[in-house]
Protein chains: 2
Amino acid sequence: MTYLIGQTAEKLGINPSTLRYYDKEGLLPFVQRSEGGIRQFCDTDFEWIRLIECLKSTGMPIKDIKQFIDWYIQGDSTLEKRRDMFYERKTAVQKQLEEVKKTLEIINYKCWYYDTAIIAKNENIRTEDIEMPEEIRQYKKRLVTGI
Amino acid sequence: MTYLIGQTAEKLGINPSTLRYYDKEGLLPFVQRSEGGIRQFCDTDFEWIRLIECLKSTGMPIKDIKQFIDWYIQGDSTLEKRRDMFYERKTAVQKQLEEVKKTLEIINYKCWYYDTAIIAKNENIRTEDIEMPEEIRQYKKRLVTGI
DNA sequence: TCTTGACTTAAACTTGACTTTAAGTATTAA
DNA sequence: TTAATACTTAAAGTCAAGTTTAAGTCAAGA
């Protein structure tokens with residue numbers, strides 16, 4: 001079972017131009033062509049593309065993803081390089097995770113702050129005197145103002 | 001205690017040009033000026049800037065952040081709008097968190113895969129036969145190939 | 001055969017958030 | 001007074017990752 005570029009694009013939610021762009025950049029060397037030169041995407045190709053998207057989401061630039069794919073093509077002699085690359089990505093993603101958690105903590109504080117201000121009908125609330133969840137209290141301590 | 005733009009930039013790890021750019025875009029209307037027109041950043045300003053960075057990290061564009069700051073300046077009549085905005089941000093960040101977790105799951109699988117392949121000294125491992133952590137097994141089930 | 005969608009190269013354009021440059025003026029601490 | 005740093009406007013440049021356009025050719029299913 002193979003798919004044309006348009007069907008693949010539809011299936012994966014990616015613009016066909018993007019797929020051609022990836023191909024041009026050397027990210028899709030494994031995609032087979034028909035005798036007439038038409039790209040034939042298969043399930044394995046979809047998994048590669050999902051992996052490319054995954055690597056992109058870790059903050060990896062296209063040229064580094066190409067490097068990884070080149071290593072893959074070179075075979076077993078590059079296994080260590082590829083492993084090291086994934087461990088680097090792991091560190092990067094763990095950092096991302098920490099940052100997103102911190103951001104969520106701040107946003108949760110703001111949601112609490114505005115809920116409270118709206119109940120009070122204005123922003124002049126002395127939040128020290130108000131009952132609040134412990135994680136909000138923890139975050140609040142780090143602020144100079146309650147903005 | 002106030003700080004010049006250069007000191008502020010240093011303290012926050014932001015380029016002075018970026019701070020002037022934010023000011024020009026209307027993100028820093030609260031920063032006071034000396035009689036001579038020199039910006040005087042104080043601790044409250046730092047907190048505003050940290051909040052701007054937080055909102056940016058949620059994927060919010062500059063113009064939407066400006067909208068929020070305009071609402072803040074308008075006062076209590078915009079409390080609901082600001083609350084709604086933060087709840088939207090909360091949804092966005094929760095989604096980010098889920099995506100980062102999924103990414104980490106994939107990367108963890110790859111780390112496991114390469115560790116295993118390196119022990120086997122090549123990639124022709126029949127991973128079905130190998131002992132693996134449960135979360136790896138779960139992820140692997142969703143793959144067509146072991147790539 | 002016809003029509004739809006595929007292919008190619010090559011370049012131009014887009015987006016958002018800066019960053020840099022230029023060119024001159026003003027402030028301020030020592 | 002002087003040196004360091006600040007200020008201004010305005011425009012141009014940068015960056016990555018696409019997206020679009022053009023202009024023509026080719027493939028393949030009905």
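So you know, we letter chains A, B, ... as the sequences are listed, proteins then strands, and number each from 1. Predicted model only: the values in this text are computed from it and were never measured.
Under 4.0 angstrom from either OP1 or OP2 of dG16(C) there lies no side-chain N or O belonging to Lys63(B). For dG18(D), the OP1/OP2 oxygens have no side-chain nitrogen or oxygen of Lys24(A) closer than 4.0 Å. OP1 or OP2 of dT8(C) sits under 4.0 Å from a side-chain N or O of Arg39(A). Remark: Tyr22(A) is in phosphate contact with dG18(D), judged by side-chain N or O atoms under 4.0 Å from OP1 or OP2. When the side-chain nitrogen and oxygen atoms of Arg33(B) are compared with OP1 and OP2 of dT8(D), one or more of them lie within a distance under 4.0 Å.
Going from atom CG of Asp23(A) over to atom P of dG18(D) covers 14 Å, rounded to whole Å. Glu53(A) has its CD atom 20 Å from the P atom of dA16(D), to the nearest Å. Across the protein-nucleic acid pair, Ile62(A) atom CD1 and dA17(D) atom C1' stand 7 Å apart, rounded to whole Å. Atom NZ in Lys66(B) sits roughly 14 Å away from atom P in dA17(C) (whole-Å rounding). To the nearest angstrom, P of dT28(C) lies 18 Å from OH of Tyr3(B). Summarising the geometry, the separation between CD1 on Ile38(B) and C1' on dA6(D) is reported as 4 Å, rounded to the nearest angstrom. The separation between Tyr21(B) atom OH and dC7(D) atom P is 18 Å, rounded to whole Å. In this entry the distance linking CD of Glu25(A) with P of dA10(C) reads 14 Å, nearest Å.
Nucleic acid contact class of Pro61(A) (heavy atoms, under 4.0 Å, all strands): sugar-phosphate only. Backbone-only contact: Thr18(B) has heavy atoms under 4.0 Å from sugar-phosphate atoms and none from a base.
Nearest-nucleotide mapping onto DNA chain C: of Leu4(A) and Lys56(B), the residue sitting toward the 5' end is Leu4(A). Of the two residues near DNA chain D, Asn15(A) and Ser34(A), the one whose nearest nucleotide lies more 5' is Asn15(A). The nearest heavy atom of DNA chain C to Gly36(B) and to Gly37(A) marks one nucleotide each, and the one closer to the 5' end goes with Gly37(A).
In this structure, of dT8(D), dA6(C), dG18(D), it is dA6(C) that holds the atom nearest to the side chain of Ile5(A). Between dT8(D), dA17(C), dT20(C), one nucleotide has an atom nearer to the side chain of Ser17(B) than all others, and that is dT20(C).
In terms of modelled atom types and a separation under 3.5 Å, the side chain of Gln96(A) and the main chain of Ser57(A) share a donor-acceptor contact.
Taking the ring centroids of Tyr3(A) and Phe41(A), they lie at or beyond the 6.0 Å cut-off. Ring centroids of Tyr72(B) and Trp48(B) are separated by less than 6.0 Å, placing the two rings close together.
One finds no salt bridge joining Asp70(A) and Lys63(A) here, because no Lys/Arg side-chain nitrogen approaches an Asp/Glu carboxylate oxygen to under 4.0 Å.
Judged purely by distance below 3.5 Å, without hydrogens or angles, the side chains of Tyr87(A) and Asp115(B) pair a donor atom with an acceptor atom.
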